[in-house]
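Below is one structure, written out as structure tokens; comments come after it.
Just the heavy atoms: all of them, side chains too, but no hydrogens, waters or symmetry mates, feed the values below. Protein chains get the first letters and strands the later ones, always in sequence-line order, with residue 1 at the start of each.
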Amino acid sequence: MSTKRHIHLQRLEAESIRIMRQVATDFERPVLLYSVGKDSSVLLHLAMKAFYPSKPPFPLLHVDTTWKFREMIAFRDDTAKRLGLELLVHTNPEGLAENINPFTHGSSRYTDIMKTVALKQALDAGKYDAAIGGARRDEEKSRAKERVFSHRAKGHVWDPKNQRPELWSLYNTRINPGESLRVFPLSNWTETDIWAYIYLENIPMSELYLARERPVVKRDGSWFMLDDDRFPLEDGEEPEMRSIRFRTLGCYPLTAAIESTAGTLAEVIIEMRSTHTSERSGRVIDKDQAASMEKKKKEGYF
Amino acid sequence: MSSADNAKLDMQQFIEMESSKSMLKFITCGSVDDGKSTLIGRLLYDSQLLYDDQLVELKKDSKGRASTDEDIDFSLLVDGLAAEREQGITIDVAYRFFSTTKRKFIVADTPGHEQYTRNMATGASTAEAAILLIDARLGVSTQTRRHAYILSLVGVKHILLAVNKIDLMDYSQQLFEEICAEFNSFAENLGFKSSYAIPISALKGDNITSRSARMPWYEGQPLLTYLETLDPEREDSTLFRFPVQRVTRSGQDFRGYAGTLAGGEIAVGDEVMVAASLKRSRVKRIVTMDGDLPVAGKGDAVTLTLEDEIDISQGDVLHRPGEPLERSNQFQAHMIWMHEDPMLPERSYLMKIGTQTTSVQITDLKYAININTSEHLPASKIDLNGIAVCNFATAQAIAFDAYADSPETGAFILIDRISNNTVGAGMIDFGLHRGQNLSWQSFEINRESRAKMKHQRPAVVWFTGLSASGKSTIADILEQKLAAQNRHTYLLDGDNFRHGLNKDLGFTDADRVENIRRVAEVARLMADSGLIVMTAFISPFRRERRMAREIAADIDFIEVFVDTPLEVCEARDPKGMYAKARKGEIPNFTGISSAYEPPERADIHLEAGNRSAEELAEEVLQQLQLD
């Protein structure tokens with residue numbers, strides 16, 4: 001952001017950089033949770049800026065449920081290689097052994113075991129005292145109240161009613177042994193900011209965000225992509241080729257696509273301007289129960 | 001032209017518009033039921049910023065709740081947490097985002113309950129403007145005054161007085177004007193740079209996005225127009241301030257100082273000075289990943305390199321020569337207490353200011369402030385949501401500015417040493433310069449030489465435990481054993497101390513803290529003279545024992561926990577104290593009516609029980625490992 005014209009994006013960028021530097025200065029074992037999506041791409045780009053000409057002094061951690069889009073995994077590996085950063089990948093071994101999947105076990109149980117539990121395993125194993133994530137406050141109601149430096153008690157528990165007051169830019173980074181902080185440098189960014197920034201900064205992102213002809217099936221009124229042959233078809237479901245794209249990236253059986261012809265970033269941004277649904281509407285896990293995100297977050301979900 | 005080209009053109013316009021927007025952070029505050037959440041929900045709704053699925057969910061949620069007669073309960077949009085939805089109130093700070101064609105907004109929604117002053121201060125600390133809601137039916141209330149005072153204290157300069165629910169008062173112009181007059185009569189002393197008043201109905205949408213036909217007498221701006229056109233620029237000080245956040249090294253030669261400009265501007269070639277060392281150099285490069293900059297301004301996150309190799313580390317602050325920060329270890333500040341455990345003077349806290357962190361004590365609680373009346377009140381402690389003016393002393397000198405001159409370098413938070421909670425927030429008024437002239441005198445004969453003459457290594461052996469646990473008895477025997485080894489010792493005893501040096505102190509929590517602080521200081525002085533000092537005080541609180549350890553600094557500090565069960569102590573009861581305490585004749589008696597916090601990791605843990613004092617003293621002696 002070198003030009004003075006982009007006033008608010010420049011302010012957001014500077015704020016995020018400051019937060020990243022604070023993490024690197026105050027913690028012994030920080031880690032950046034890299035989820036491969038557009039927010040992660042921005043997060044990583046900001047991390048590269050924060051420590052330039054040096055490299056970010058923390059590794060990337062990806063929790064791989066084994067149900068991510070194949071393109072995501074390829075993009076992830078390319079990104080780490082291109083930037084010369086250490087990439088750690090963790091999958092819940094018990095979940096893997098029991099073949100926990102969203103079809104047989106339901107999205108709620110699957111998410112708990114393959115994402116929440118897996119994340120806690122990886123954080124415990126690495127003894128990470130700070131985990132940087134790309135969550136934004138505009139995404140979802142319970143996120144709107146979360147601190148930038150968000151305290152986690154032993155067992156990664158979040159207590160939303162007992163959060164530390166966070167004033168000015170004076171972030172309290174002190175923790176006792178066994179506790180940790182989740183850090184959200186993109187707290188004050190909106191979805192529009194993310195796209196505008198990706199465009200202006202020319203940040204690489206997965207092609208899944210762009211409309212392409214892809215094999216899909218309609219289920220409960222949403223399009224799901226058949227990323228591999230593990231997607232069990234129900235009676236009457238016929239795969240077909242449609243021009244689709246994704247607004248967020250997660251596990252392919254849980255991430256609905258939208259029909260679109262926006263094949264370039266420019267077209268995506270234009271299409272987004274006239275959209276009438278919020279971005280997390282394509283995520284199945286948010287809807288399972290009232291206040292479901294808050295409940296998951298208390299248990300340690302990111 | 002192809003559709004892709006069209007899209008590109010459209011998009012460039014869009015990006016142009018998006019990126020040329022400015023940003024306004026504001027806070028909404030007011031009493032319970034004034035309609036803050038409804039107002040924000042209304043702003044989102046009227047500027048058509050809700051997505052269809054959010055609207056469907058909102059309509060679904062609104063059913064079964066009788067809080068409004070309307071179809072949609074807008075407050076549900078902002079009252080995010082499940083607990084809040086159940087209670088129908090907002091309990092924390094929530095941040096909301098919306099944007100119009102002109103501006104992007106970040107709204108901090110904060111609660112109006114008295115007990116949530118801390119949340120309002122939190123929201124206000126990053127706000128450039130405030131919407132202060134008043135219920136037209138109730139007029140200016142005590143809470144209005146309190147909120148206005150907090151906004152002024154935290155330095156919010158622009159106030160929008162939104163007189164809400166005017167629809168319920170027949171859109172009365174006279175009422176509106178009376179409320180404005182009353183507000184202005186006290187707000188004029190609060191130092192706001194601008195204040196503007198609008199009669200609104202958040203529920204019905206009057207004067208929100210456009211001027212209401214139901215109030216033809218109102219000729220001012222609608223609320224959204226006010227927010228879009230307000231110029232929030234504070235009359236910022238132009239002083240260059242660069243707190244160093246991190247030293248960045250790369251390769252053999254690169255050494256840069258990463259940080260965010262807290263104020264002013266800096267250009268390549270400008271001379272800078274380090275606040276602590278007064279060393280000077282010139283800016284060689286202003287480094288960013290997008291290329292070097294010729295100049296950087298307030299808020300920019302950059303990395304500076306300097307012409308000369310001078311010693312600078314994280315926590316240092318750079319400024320221009322001739323524009324120094326204040327530098328002292330003592331200052332006066334306004335403080336807001338944010339925790340259920342009260343602030344006790346003399347207790348030691350961690351203080352974070354800019355990129356500096358240090359140990360701090362409140363040396364003088366000058367007065368508390370009644371925020372409803374601005375009255376000054378004497379106080380011996382500050383409770384949750386209390387506001388006070390105090391003098392502070394830090395362990396090391398710090399560099400700072402008055403908060404009014406430069407909020408970034410004049411604001412601080414206090415952190416509890418045990419829980420690590422953020423317990424207080426402060427705004428520095430001015431430095432006290434006593435500290436600058438009072439430096440440590442260093443003498444030729446030092447601790448090392450004094451200890452050498454005594455052929456021993458000085459130490460503080462700190463006994464802690466319940467009353468009648470055996471601290472004094474064990475310490476007494478230990479001292480005899482040490483004397484037998486020709487060691488030079490001194491025993492500081494709780495009861496004896498309170499007859500002399502500490503006879504002005506009682507047994508309140510605050511006095512207990514001060515009692516221990518004095519003991520720790522005396523112990524340190526005596527150990528500094530070369531002695532092995534034993535102390536026998538109940539010292540029930542972990543924080544104070546940690547403080548004692550910190551006061552001892554580089555002197556060996558050995559915490560001995562005399563772990564005698566309460567029943568045993570109570571059975572011994574040599575002075576009949578437990579009996580009296582049980583009858584309620586002694587308030588604040590440790591173990592009965594006041595807590596004893598056992599050490600988590602004592603250096604020596606004596607499982608005392610019914611073992612003899614002789615045996616226990618011998619165990620301490622063995623574990624002391626004196627040279």
Open item on the list: Do A:F51 and B:R246 make a side-chain contact, defined as non-hydrogen atoms from C-beta onward lying under 4.5 Å apart?
Closed with: yes
TODO: Check whether any side-chain heavy atom of A:K145 sits under 4.5 Å from a side-chain heavy atom of B:D109, and report yes or no.
DONE: no
Open item on the list: Could you check whether B:K104 pairs with A:D193 (Lys NZ or Arg NE/NH1/NH2 to Asp/Glu carboxylate O, under 4.0 Å)?
Closed with: yes
Open item on the list: Here's a test for you: under side chain to side chain contact (heavy atoms under 4.5 Å, CB included), which of B:I413, B:N421, B:L414, B:V423 qualifies with A:N172?
Closed with: B:I413
Open item on the list: With a 4.0 Å cut-off on N to O distance, would you call A:E166 and B:K352 a salt bridge?
Closed with: no
- [ ] Can you establish whether the number of heavy atoms outside B:K25 located under 6.0 Å from its atom NZ is more than 12?
- [x] yes
Task: Over 12 foreign heavy atoms within 6.0 Å of CD, A:E28 - done: no
Task: Top contributor to chain A contacts, counting heavy-atom pairs under 4.5 Å, from B:A258, B:G299, B:G123 - done: B:A258
Task: Check: A:T25 side chain, B:Q314 main-chain N or O, donor-acceptor pair, under 3.5 Å - done: no
Open item on the list: Within this structure, what is the CZ-CZ distance for the pair B:R118 and A:R164, rounded to the nearest 0.5 Å?
Closed with: 12.5 Å
Open item on the list: Given heavy-atom pairs under 4.5 angstrom as the criterion, report whether the side chain, backbone, both or neither of B:S419 touches chain A.
Closed with: backbone
Task: Structural part of A:Q22 lying under 4.5 Å from a heavy atom of chain B - done: both
TODO: Count the heavy-atom pairs under 4.5 Å between each of A:K55, A:E15, A:R147, A:E146 and chain B, then report the option with the highest count.
DONE: A:R147
Task: Which of A:S54, A:P53, A:S187, A:P57 touches chain B most, by non-hydrogen pairs under 4.5 Å - done: A:P53
- [ ] Apply side chain to side chain contact (heavy atoms under 4.5 Å, CB included) to the pair A:Y52 and B:T303, showing each step before the final yes or no.
- [x] CA-CA 8 Å; A:Y52 180 85; B:T303 301; over 6 Å; no
TODO: Could you look at A:A262 and say if it's the side chain, the backbone, both or neither that has a heavy atom under 4.5 Å from chain B?
DONE: neither
Open item on the list: If we ignore hydrogens and angles and just use 3.5 Å, is the side chain of B:S125 paired with the main-chain N or O of A:W168 as donor and acceptor?
Closed with: yes
TODO: Pick whichever of A:N162, A:I17, A:I175, A:L265 has the most heavy-atom pairs under 4.5 Å with chain B.
DONE: A:I175
Open item on the list: Between A:D26 and chain B, with a heavy-atom cut-off of 4.5 Å, which part of the residue counts as in contact: side chain, backbone, both or neither?
Closed with: side chain
Open item on the list: Among B:T126, B:I106, B:T248, B:I415, which residue has the highest count of heavy-atom pairs closer than 4.5 Å to chain A?
Closed with: B:I415
TODO: Classify the side-chain pair B:S22/A:R11 by whether it contains a donor and acceptor separated by less than 3.5 Å.
DONE: no
Open item on the list: So that I can tick it off, tell me whether A:D138 and B:R96 are bridged by a salt bridge, with the cut-off set at under 4.0 angstrom between side-chain N and carboxylate O.
Closed with: no
- [ ] Take B:T122 and A:Q163, measure what side chain to side chain contact (heavy atoms under 4.5 Å, CB included) needs, and give me the verdict at the end.
- [x] CA-CA 12 Å; B:T122 302; A:Q163 300 191 75; over 6 Å; no
Open item on the list: Could you check whether any side-chain heavy atom of B:M23 comes within less than 4.5 Å of a side-chain heavy atom of A:N188, counting everything from C-beta outward?
Closed with: no
Open item on the list: Which atoms of A:T261 are under 4.5 Å from chain B, going by heavy atoms: the side chain, the backbone, both sets, or neither?
Closed with: neither
Task: chain A contact via B:Y95 - which portion, at a heavy-atom distance below 4.5 Å - done: both
- [ ] Using a cut-off of under 4.5 Å on heavy-atom pairs, state which of B:T288, B:V302, B:I353 scores highest against chain A.
- [x] B:V302
- [ ] Against chain A, label B:R103 side chain, backbone, both or neither, depending on which of its atoms sit under 4.5 Å from a heavy atom there.
- [x] neither
TODO: Could you list the residues that satisfy ring pair (Phe, Tyr, Trp, His ring centres under 6.0 Å) with B:H334, not counting sequence neighbours?
DONE: none
Open item on the list: Given 3.5 Å as the limit, does a donor-acceptor pair link the side chain of A:N176 with the main chain of B:I418, or not?
Closed with: yes
TODO: Answer with side chain, backbone, both or neither: which region of A:L170 has an atom nearer than 4.5 Å to a non-hydrogen atom of chain B?
DONE: both
Open item on the list: Closer than 3.5 angstrom, by distance alone: can the side chain of A:R174 be matched with the main-chain N or O of B:T422 as a donor-acceptor pair?
Closed with: no
TODO: Give a yes or no on this: more than 12 heavy atoms of other residues, nucleotides or ligands lie within 6.0 Å of atom CG of A:D220.
DONE: no
TODO: Check whether more than 12 heavy atoms from other residues, nucleotides or ligands sit under 6.0 Å from atom CZ of B:R601, and answer yes or no.
DONE: no
Task: Contact leader toward chain B among A:A196, A:S16, A:P165, where contacts are heavy-atom pairs under 4.5 Å - done: A:P165
Task: Proximity breakdown for B:L350 and chain A, heavy-atom pairs closer than 4.5 Å - done: side chain
Open item on the list: For A:R18 versus B:Q245, what's the shortest heavy-atom pair and its separation?
Closed with: O-NE2, 2.7 Å
